[in-house]
Amino acid sequence: MRNGEPAVAVDGLVKRFGELEAVRGVELQVAAGEIFGFLGPNGAGKSTTINMLCTLLRPTSGSARVAGHDVVSERDDVRRNIGLVFQDPTLDNYLTGEQNLRFHAELYGVPRALVPERMRQVLEMVGLWDRRGDRVEIYSGGMKRRLEIARGLLHSPRVLFLDEPTVGLDPQTRSSIWDYIRRLKDAEEITIFMTTHYMDEAEFCDRIAIMDQGTIVALDTPEALKAGVGKDRVQIHTDDDGAAIEALRDRFGLEAKVAEGAVTFAVPSGEAFVPRLFAELGVPIRSVSVSRPSLDDVFMSFTGSTIRDAEGSANDWMRMAARGRR
Amino acid sequence: MGTPAPAEAGSVVRVQVPERSVRHDLRVVKIVLHRELIRFWHDKMRIVSTLVQPVLWLLVMGTGLSNLMASGGPSGEIDLKTFIFPGVCAMSVMFTAMFSAGSIVWDREFGFLREMLVAPVSRSAIVVGKCVGGATVATLQGLLIVMLAGLAGVPYDPLLLLEMIGIMFLGAFALTGFGVIMAARIKTMQSFFALMQMAMMPMMFLSGALYPLSGLPTWLSVLTRINPLTYAVDPLRQVVFAHLDVSAELERTFNPGVTWNGWVVPVWLELLIIVALGPILTAVAIWEFRRGD
Ligand SMILES: Nc1ncnc2c1ncn2[C@@H]1O[C@H](COP(=O)(O)OP(=O)(O)OP(=O)(O)O)[C@@H](O)[C@H]1O
Ligand SMILES: [Mg+2]
């Protein structure tokens with residue numbers, strides 16, 4: 001990682017589970033100090049990739065270096081330099097928050113003299129200092145997640161992996177977790193590699209990779225990705241949506257569908273298109289809105305479905321219920 | 001640095017994770033052991049429920065069968081409760097040791113094992129910590145049973161107490177190792193308990209915990225002699241009987257020792273078997289964890 005070496009460098013990484021090829025030749029580099037986002041539908045291979053990067057899974061082929069060390073031949077060096085928050089919780093519910101952190105400190109051999117101060121620092125950062133003496137059993141889902149983040153940071157890792165750190169949390173907790181993540185970057189000289197399902201969160205990343213069926217289909221800054229789509233999203237409210245969709249297809253050659261209660265379609269330079277639309281559609285229009293492409297549109301253009309369709313919010317709830325059981 | 005966040009006033013304490021060392025490994029052993037103790041202490045329900053079964057054996061079975069003996073066999077001044085007391089201690093140590101080993105399956109199911117496996121520590125430190133932890137917890141549980149000695153007509157003698165604790169710890173260490181070997185591959189708590197049941201019942205009934213091992217038919221005799229638990233139960237009984245005042249005839253009936261083809265196996269050899277078994281089983285457990293890595 002010294003002299004400009006990337007924090008994460010992945011080269012032709014492949015993971016096969018029997019017949020299934022979960023990760024198929026991933027290439028990417030993450031610079032030191034970056035917040036790098038991994039975006040993709042369920043089963044895209046995000047967690048599998050992270051597990052290989054953090055030495056828990058052996059790659060079938062290809063190689064990866066994390067914090068300047070090879071994930072197969074220098075596992076211990078990698079482990080010493082990374083922090084992890086897994087997709088599924090890995091706390092000991094019988095221990096208190098403080099005991100969980102103390103266990104971690106001993107496990108990583110954090111010098112004894114530094115433990116109390118460092119522990120206070122990370123617990124204050126996630127706002128759990130006052131609750132440190134409570135057993136994790138009685139923490140809320142969001143508190144557990146924050147405790148896991150604090151634990152992942154305890155040994156000052158150079159690269160922090162976060163596998164869906166905010167799934168199933170309420171918007172307020174999500175935004176506070178993002179506060180910590182951004183503050184972290186200022187305070188700790190750390191590289192953050194994370195996966196997420198939330199488009200609005202992906203916007204916070206310096207760069208994002210969109211993964212689908214084991215391969216990376218796009219990788220750039222959120223702005224560049226959005227600019228690359230090149231189309232605006234137009235939504236119209238009409239008296240007869242069916243007729244409007246038909247007219248759009250027949251007269252303009254546009255594929256439209258009903259989304260969020262409005263007829264929705266994409267065109268290059270949407271504002272210039274609106275006058276033509278009113279003149280030629282032949283179906284009365286009650287209102288119209290034009291928006292710049294969002295990451296949702298980016299996702300759609302690369303994977304052929306919106307991330308909501310691909311996931312469904314019901315899915316989050318299922319997972320949250322699964323999390324709650326633990 | 002950017003704008004300082006309100007939460008961290010002073011400078012950030014940066015930690016440098018050290019290279020692996022023996023000292024670090026010892027810290028890991030210690031913290032894994034410590035966690036085992038915290039959980040044992042926290043789980044009062046488990047302490048009580050693991051007490052119920054031995055007490056049933058001791059008070060109900062022991063008393064019930066004593067009547068049978070009184071009406072026929074060579075009873076005299078000895079009680080059957082006294083006879084099965086060492087066996088009951090060994091049984092409860094076995095149950096607790098296996099249960100502790102089973103917490104590895106629990107940790108896998110509930111994720112905590114990953115926290116341990118992704119840390120820069122040797123697998124051996126984790127497994128050794130687990131085995132020593134399981135052995136300590138099981139010995140503590142055994143100590144609770146030893147406290148019931150009075151109920152079984154066994155004297156409270158500090159020396160006897162120390163001897164029993166020592167033997168129980170050695171046995172518990174080997175048993176936890178055995179449990180960890182099984183737990184290394186099992187994915188769910190249910191299948192672990194099923195497996196435990198399958199292993200523990202025969203071990204218990206073939207160990208001499210509940211009946212003397214003399215004058216058995218050959219097949220049963222052979223099975224009891226290859227059961228490792230036999231060599232933990234017999235020394236316990238030997239030390240208990242050493243503190244009793246019984247006639248030679250009763251001693252022969254109730255405390256015949258373990259024989260190999262007529263040769264009485266000395267206690268030191270029995271203990272040697274148990275002492276050797278601990279590290280061997282632990283080594284196999286470590287090997288299993290390394291292999292899955
Ligand atoms: N241990 C395993 N054995 C067999 N198949 C596996 C294993 N782990 C993952 N897979 C498969 O690999 C594929 C990718 O899974 P992965 O968990 O990486 O997806 P993901 O992108 O993290 O999805 P999600 O958003 O749901 O977390 C899936 O089809 C999954 O079933
Ligand atoms: Mg995942």
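Any value given below was found using the heavy atoms of this structure, including those in side chains, with hydrogens, waters and symmetry copies removed. Every chain is numbered from 1 and lettered A, B, ... according to where its sequence line falls, protein lines coming before strand lines. If you're wondering where the values come from, they're calculated on a predicted model, not measured in any experiment.
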Can you tell me which portion of [X] sits under 4.5 Å from chain A's heavy atoms? Options are side chain, backbone, both or neither.
| X | value |
| --- | --- |
| B/Arg27 | both |
| B/Gln16 | backbone |
| B/Ile31 | both |

Minimum heavy-atom distance between A/Leu95 and B/Arg35, given as atom pair plus value: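 Here A/Leu95 and B/Arg35 meet closest at CD1-CD, 4.2 Å.
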I'd like to know whether CE of B/Met201 has more than 12 heavy-atom contacts from other residues, nucleotides or ligands below 6.0 angstrom.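 Yes.
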Taking every heavy-atom pair that is under 4.5 Å apart, which of B/Ser21, B/Ala125, B/Pro18 has the most such pairs with chain A?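 The candidate making the most pairs under 4.5 Å is B/Pro18.
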Do you know which of B/Arg23, B/Met116, B/Glu19, B/Lys30 has the most heavy-atom pairs with chain A at a distance under 4.5 angstrom?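 Winner by heavy-atom pair count: B/Glu19.
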Are the charged groups of B/Arg114 and A/Asp88 less than 4.0 angstrom apart, N to O?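 Salt bridge between B/Arg114 and A/Asp88, a charged N being under 4.0 Å from a carboxylate O: no.
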How far apart are the C-alpha atoms of B/Glu115 and A/Leu107, what are their side-chain angles, what is the distance that settles it, and do they pass the side chain to side chain contact (heavy atoms under 4.5 Å, CB included) test? CA-CA 9 Å; B/Glu115 150 82 355; A/Leu107 215 50; 4.1 Å; yes
For chain B, the option from [options] that forms the most heavy-atom pairs under 4.5 Å:
| options | result |
| --- | --- |
| A/Leu114, A/Asp92, A/Asp76 | A/Asp92 |
| A/Asn100, A/Val110, A/Ile82, A/Leu57 | A/Val110 |
| A/Arg102, A/Arg151, A/His104, A/Gln99 | A/Arg151 |

Could you grab the distance from atom CH2 of B/Trp106 to atom OH of A/Tyr94, nearest 0.5 Å is fine?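 Rounded to the nearest 0.5 Å, the CH2-OH separation comes to 4.5 Å.
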Hey, could you give me the OG1/CG distance between A/Thr90 and B/Leu117, rounded to the nearest 0.5 Å?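 Output value for this atom pair is 11.0 Å.
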Proximity breakdown for [X] and chain B, heavy-atom pairs closer than 4.5 Å:
| X | value |
| --- | --- |
| A/Arg135 | side chain |
| A/Leu91 | backbone |
| A/Ala105 | backbone |

Does B/Phe112 have its ring centroid less than 6.0 Å away from the ring centroid of A/Phe103?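 Centroid distance B/Phe112-A/Phe103: below 6.0 Å, so yes.
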Verdict with reasoning, B/Val15 to A/Leu154, per side chain to side chain contact (heavy atoms under 4.5 Å, CB included): CA-CA 8 Å; B/Val15 173; A/Leu154 191 67; over 6 Å; no
Worked verdict on A/Asn81 versus B/Val17 for side chain to side chain contact (heavy atoms under 4.5 Å, CB included): CA-CA 8 Å; A/Asn81 287 297; B/Val17 176; over 6 Å; no
Let me see the working for B/His34 and A/Glu106 under side chain to side chain contact (heavy atoms under 4.5 Å, CB included), right down to the final yes or no. CA-CA 11 Å; B/His34 188 193; A/Glu106 295 295 307; over 6 Å; no
